[in-house]
There are 2 protein chains.
Amino acid sequence: MARLPEYLRALHHLAEAGHDTVSSEALAAAAGVNSAKLRKDLSHLGSYGTRGVGYDISHLIAQVEHILGLHLSRAVALVGVGNLGHALAGYGGFASRGFKIVALFDADPTRVGEQINGLDVRHIDELATTVTTERITIGVIATPAPAAQIVADLLVKAGVTSILNFAPCVLNVPEGVDVRKVDLAIEMQILSFHEHRKSAALASGEAAA
Amino acid sequence: MARLPEYLRALHHLAEAGHDTVSSEALAAAAGVNSAKLRKDLSHLGSYGTRGVGYDISHLIAQVEHILGLHLSRAVALVGVGNLGHALAGYGGFASRGFKIVALFDADPTRVGEQINGLDVRHIDELATTVTTERITIGVIATPAPAAQIVADLLVKAGVTSILNFAPCVLNVPEGVDVRKVDLAIEMQILSFHEHRKSAALASGEAAA
DNA sequence: AACTGTGAATTTGTTCACAGCA
DNA sequence: TGCTGTGAACAAATTCACAGTT
């Protein structure tokens with residue numbers, strides 16, 4: 001379930017604040033969801049709550065991390081160390097939440113050899129070998145759109161089975177490979193849409209209000 | 001509808017490739033969705049297709065851009081020019097798709113005055129004034145989590161009605177303010193979940209296969 | 001008394017399948 | 001004939017509401 005990571009973040013936050021247990025109501029508020037939905041989600045992992053009390057935070061954290069496979073710490077390769085890729089390579093949020101970027105690649109020879117956060121940028125020709133030797137299973141694509149499909153094919157061929165795609169394009173991958181897409185311009189456009197609706201509603205005199 | 005931006009991107013791509021019209025089947029493939037879903041989505045904007053032919057690309061682009069409010073070009077403020085904020089400020093994908101970051105803010109005085117992409121980083125104390133004078137309606141939060149709610153409150157108070165939040169936390173905002181969240185670590189954790197499921201399926205001998 | 005877990009009701013979203021138009 | 005637009009069927013997700021446990 002795609003909401004478990006959000007619950008996990010909220011749980012860690014509560015644990016750091018010194019709490020031992022939490023009710024579905026409180027956890028739902030911290031995660032920004034409805035409490036019934038949260039209970040239903042958690043009940044799918046098994047019954048880890050106590051009626052009248054709530055959920056044991058550290059126990060629930062362990063359960064959720066196990067479901068998400070975060071006890072295993074998977075190796076990640078990042079391809080494309082341009083503007084965004086550079087920031088992702090240096091982003092502390094990955095390491096602190098269980099992911100380790102173990103290799104950086106770029107097609108531009110002038111970038112190869114550069115060091116970012118203690119990692120050398122390697123040429124993309126080395127991708128296949130490195131993915132194998134470092135046992136990389138997750139790839140992050142932060143290249144321009146025209147290169148993204150080529151990189152995706154390389155990653156898949158090398159054995160990567162999950163891809164996080166920041167390039168603004170749809171990737172074609174074989175069955176069994178998971179792709180998640182993050183398109184920053186699309187996020188902005190969705191906000192623009194809401195802005196547009198709001199100003200239109202105002203202009204038309206809020207007849208419904 | 002949240003899929004329109006994806007259709008728009010695909011349409012622009014087709015237009016650049018020299019196409020004039022496109023069928024729902026082809027456009028759906030380019031956008032990575034089912035063709036019936038695409039037709040239903042587009043039919044909500046009105047009937048802009050021609051039976052037997054398909055959709056006129058440039059006409060449809062104009063319609064979709066209008067629905068999304070992209071003909072208006074809204075001003076954007078970015079708060080937090082750390083690692084990620086820096087990359088976002090320099091990200092070409094915003095400008096090329098109709099958004100203009102017009103102001104950068106940070107709380108750290110050592111960063112104030114720095115220039116990124118021709119924009120001065122201002123101190124967050126100037127946020128309220130700048131948002132008003134520059135008519136900013138969209139705010140991007142790229143601060144650490146503990147600062148995000150404070151920044152969100154500042155933005156809302158200054159008149160911003162849409163927020164794109166990159167900080168790993170839930171924001172509380174009043175009714176009428178839209179928030180979209182992008183959490184990079186959560187994206188990775190969702191991939192980790194799929195990886196975990198796949199390796200579990202393999203280990204248990206793929207009894208279903 | 002407080003809170004979980006869950007059937008049932010409801011809403012929302014997706015896909016099918018085809019009538020009807022160019 | 002090729003393709004859109006859409007009613008109807010289907011599927012999924014969400015929320016309600018409350019029985020049951022601690």
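So you know, we letter chains A, B, ... as the sequences are listed, proteins then strands, and number each from 1.
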Expected list for residues 140-157 of chain B: side-chain donor-acceptor pairs under 3.5 angstrom, two or more places apart:
residue : atom : partner : partner atom : Å
B/Q149  : OE1  : B/N172  : N            : 2.9
B/Q149  : NE2  : B/D153  : OD1          : 2.9
B/Q149  : NE2  : B/N172  : O            : 3.0

Under the side chain to side chain donor-acceptor pair (under 3.5 Å) test, residues paired with A/T50 that sit two or more places apart: none

Strand contacts (DNA chain C) in residues 8-33 of chain B, 4.0 angstrom heavy-atom criterion: none

By side chain to side chain contact (heavy atoms under 4.5 Å, CB included) - contacts of A/D178 (at least two apart): A/S162, B/L191, B/H194, B/K198

Neighbours of DNA chain C within residues 50-69 of chain B, by heavy-atom distance under 4.0 Å: B/T50, B/R51

Pairing residues for A/D108 by the side chain to side chain contact (heavy atoms under 4.5 Å, CB included) criterion, not counting sequence neighbours: A/D106, A/T110, A/R111

Listed partners of B/A10 passing side chain to side chain contact (heavy atoms under 4.5 Å, CB included), at least two apart: B/L27, B/A30, B/A31

What's touching nucleotides 9-13 of chain D from the protein side, N or O pairs under 3.5 Å?
none

Note, A/M1 side chain near A/Y7 side chain (heavy atom, < 4.5 Å): no

All side chain to side chain contact (heavy atoms under 4.5 Å, CB included) counterparts of A/L45, not counting sequence neighbours: A/L4, A/L42, A/Y48, A/V64, A/I67

Pairwise distance CG(B/L88) to CE(A/M188) - rounded to 0.5 angstrom: 9.0 Å

Spatial distance of atom CZ (B/F99) from atom OG (B/S73) [nearest 0.5 Å]: 8.5 Å

A/E65: salt bridge (charged side-chain N to carboxylate O under 4.0 Å, His left out) partners, not counting sequence neighbours: none

Proximity of B/H196 and A/H71 rings by center, below 6.0 Å: yes

Ring pair (Phe, Tyr, Trp, His ring centres under 6.0 Å) involving A/F94 - partner list, sequence neighbours excluded: A/Y91

DNA chain C: 5'-most and 3'-most nucleotides touching chain B, 4.0 angstrom heavy-atom criterion: C/dT14 to C/dA22

